[in-house]
Amino acid sequence: MAVMDHKQIVAGLGEGERRALTRLSDGPGLVHLALHLGAILLGAALILHGWWWVMPLQGVLIVFLFTLLHETVHQTPFASRWLNVWVGRLCGVLLALPPEWFRHFHLAHHRFTNDPERDPELTEPKPATWRGYLAYLSGLPTWAGHVRTLFRNARGLCNDSFVPARALPRVRREARVFLALYALVAIAVVMGAHWIVQVWLLSALLGQPVLRLYLLAEHGRCPPVANMLENTRTTFTTWAVRKLAWNMPYHAEHHAYPTVPFHQLPAFHTHTRPHLKVVERGYHRFHRRVIRALAVGEGKPL
């Protein structure tokens, strides 16, 4: 079988196959959302009953809402536009990541995936040293970046090349609404609602390193080429991780055909699997390779 790139695979799909793969539906997304939010609410209840050890698990559940926020940017988890918008806003508030701004950031990432000059994800290069790797995994630079973005946008100082001029008023208004909400949260905490810190803020800090481990594998150590089946990694992992991440371990498939909703990515994978250039069997294997590279001092971005 001849190896094809992502454009050839999509072009080779029949009309019926395309319709089936890209058909949107509210049902699968609502079920998945109910399970994800239900697990977060259960975690909150356990923490409030004194099960402090649940906080890192709670944090993982919260920060992996990033994968859902990411999907709402593409308007694919739900058929109803309002669901995509409001679920994206909920996820954005919990993650301090404003979805209007992030939409432009992420779509630019799709247009210029792994292009060192134009992919906004590479504005801050992937870590190339032990110090950079550990700082990245801590999640602290990520949170600091979110805060800087919010304050800059709220002041009307957004100058990101990927944000069109027509979107700047919405980006500014969104950031101001987010900051107002966080001010209310801070007041509530000061007035005694300390549970917010336990079930959300501190838990999210504890969970962020797991999301960093996951995200680095999406494009880390992939070549800067145009083929989405080569500049993006699909990671074969467990059912639980796929569910937690809304099927985004099928990441090469997502980049090859972004209008495929999360619940159809396994079906699209049957078309791409023979042509994938960069795959890994488990996130532990990917990071084992990263650690070996750091140990021999390759000194290039991961």
Side-chain angles (χ1 to χ4, degrees), residues 6 10 13 15-41 61-113 120-121 146 149-150 153-154 158 160 162-182 218 228 242-248 250-251 253-268:
H6 70 284
V10 174
L13 294 172
E15 186 177 344
E17 289 175 312
R18 289 194 191 194
R19 280 201 305 268
L21 286 171
T22 59
R23 184 178 296 118
L24 300 180
S25 172
D26 286 340
L30 286 172
V31 170
H32 207 115
L33 179 64
L35 292 172
H36 200 142
L37 292 183
I40 290 173
L41 291 174
L61 290 168
I62 291 172
V63 298
F64 267 83
L65 287 173
F66 171 82
T67 55
L68 173 55
L69 170 60
H70 153 270
E71 280 300 276
T72 64
V73 162
H74 293 283
Q75 298 281 304
T76 54
F78 310 102
S80 301
R81 186 179 184 280
W82 71 269
L83 271 173
N84 288 306
V85 169
W86 284 99
V87 169
R89 288 171 177 169
L90 171 64
C91 295
V93 167
L94 291 174
L95 300 171
L97 185 57
E100 177 68 26
W101 175 86
F102 180 65
R103 180 168 67 88
H104 298 290
F105 174 97
H106 185 68
L107 295 182
H109 163 63
H110 268 265
R111 286 194 297 272
F112 308 118
T113 304
E121 279 200 3
H146 290 184
T149 296
L150 279 170
N153 292 353
C158 178
D160 296 309
F162 50 80
V163 178
R166 68 180 183 278
L168 290 174
R170 294 194 300 274
V171 166
R172 181 175 63 249
R173 182 169 58 249
E174 173 186 63
R176 290 176 178 177
V177 169
F178 271 45
L179 290 177
L181 289 173
Y182 297 143
E218 291 184 341
M228 298 296 182
R242 289 196 301 272
K243 293 300 181 185
L244 175 67
W246 290 72
N247 272 340
M248 283 303 110
Y250 291 115
H251 210 61
E253 289 78 4
H254 167 68
H255 270 259
Y257 204 174
T259 53
V260 174
F262 75 96
H263 55 90
Q264 289 287 9
L265 285 174
F268 184 48

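Note: hydrogens, waters and symmetry copies are ignored here, and every other heavy atom, side chains too, is used. The residues of the chain are indexed from 1 along the displayed sequence.
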Between [atom1] on residue [X] and [atom2] on residue [Y], distance to nearest 0.5 Å:
X: Leu65; Y: His36; atom1: CG; atom2: NE2; answer: 4.0 Å
X: Asn153; Y: Asp160; atom1: CG; atom2: CG; answer: 7.0 Å
X: Phe262; Y: Met248; atom1: CZ; atom2: CE; answer: 8.5 Å
X: Asn247; Y: Glu253; atom1: CG; atom2: CD; answer: 10.0 Å
X: Leu24; Y: Gln264; atom1: CG; atom2: CD; answer: 10.0 Å
X: Leu68; Y: Leu244; atom1: CG; atom2: CG; answer: 11.5 Å

>> Using side chain to side chain donor-acceptor pair (under 3.5 Å), reason through His70 and Trp246 one step at a time and then give a plain yes or no.
In response: CA-CA 10 Å; His70 153 270; Trp246 290 72; over 6 Å; no
> Partners of Arg19 by salt bridge (charged side-chain N to carboxylate O under 4.0 Å, His left out), sequence neighbours excluded?
Replying inline: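 Partners of Arg19 under the salt bridge (charged side-chain N to carboxylate O under 4.0 Å, His left out) test: Glu15.
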Using every non-hydrogen atom in the two residues, find where [X] and [Y] come nearest and quote the distance to one decimal.
X: Ala96; Y: Tyr182; value: CA-OH, 3.1 Å
X: Leu168; Y: Cys158; value: CD2-O, 3.8 Å
X: Pro266; Y: Tyr250; value: CG-CE1, 3.7 Å
X: Thr76; Y: Pro258; value: CG2-O, 3.8 Å
X: Leu95; Y: Ile62; value: CD2-O, 3.6 Å
X: Trp101; Y: Leu97; value: CZ3-CD1, 4.0 Å

With [X] via side chain to side chain donor-acceptor pair (under 3.5 Å) - residues at least two apart:
X: His32; result: none
X: Thr149; result: none
X: Thr22; result: none

>> Can you list everything that forms a side chain to side chain contact (heavy atoms under 4.5 Å, CB included) with Glu100? Sequence neighbours excluded, please.
In response: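 Here the qualifying residues are Arg103, His104, Ala167, Arg170, Val171, Glu174.
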> With sequence neighbours excluded, what pairs up with Glu121 under the side chain to side chain contact (heavy atoms under 4.5 Å, CB included) test?
Replying inline: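 Counting only residues at least two positions away or on another chain, Glu121 forms a side chain to side chain contact (heavy atoms under 4.5 Å, CB included) with Phe105, His109, Asp119, Lys126, His219.
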> Ignoring hydrogens and geometry, is there a side-chain-to-backbone donor-acceptor pair from Ser80 to Trp82 under 3.5 Å?
Replying inline: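 It does not hold such a pair.
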> Has the side chain of His6 got a donor or acceptor atom that lies under 3.5 Å from a matching backbone atom of Met228?
Replying inline: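 Checked: pair present.
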Answer yes or no: is there a side-chain heavy-atom contact under 4.5 Å between [X] and [Y]?
X: Leu107; Y: His74; result: yes
X: Phe268; Y: His254; result: no
X: Phe78; Y: Trp86; result: no
X: Pro99; Y: Val73; result: no

> Can you list the steps and then say if Leu30 with Leu83 is a side chain to side chain contact (heavy atoms under 4.5 Å, CB included)?
Replying inline: CA-CA 9 Å; Leu30 286 172; Leu83 271 173; 4.1 Å; yes
>> Ring-plane angle category for His255 and His106, please: parallel below 30°, perpendicular beyond 60°, tilted otherwise.
In response: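 Because their plane-to-plane angle is over 60°, the rings of His255 and His106 count as perpendicular.
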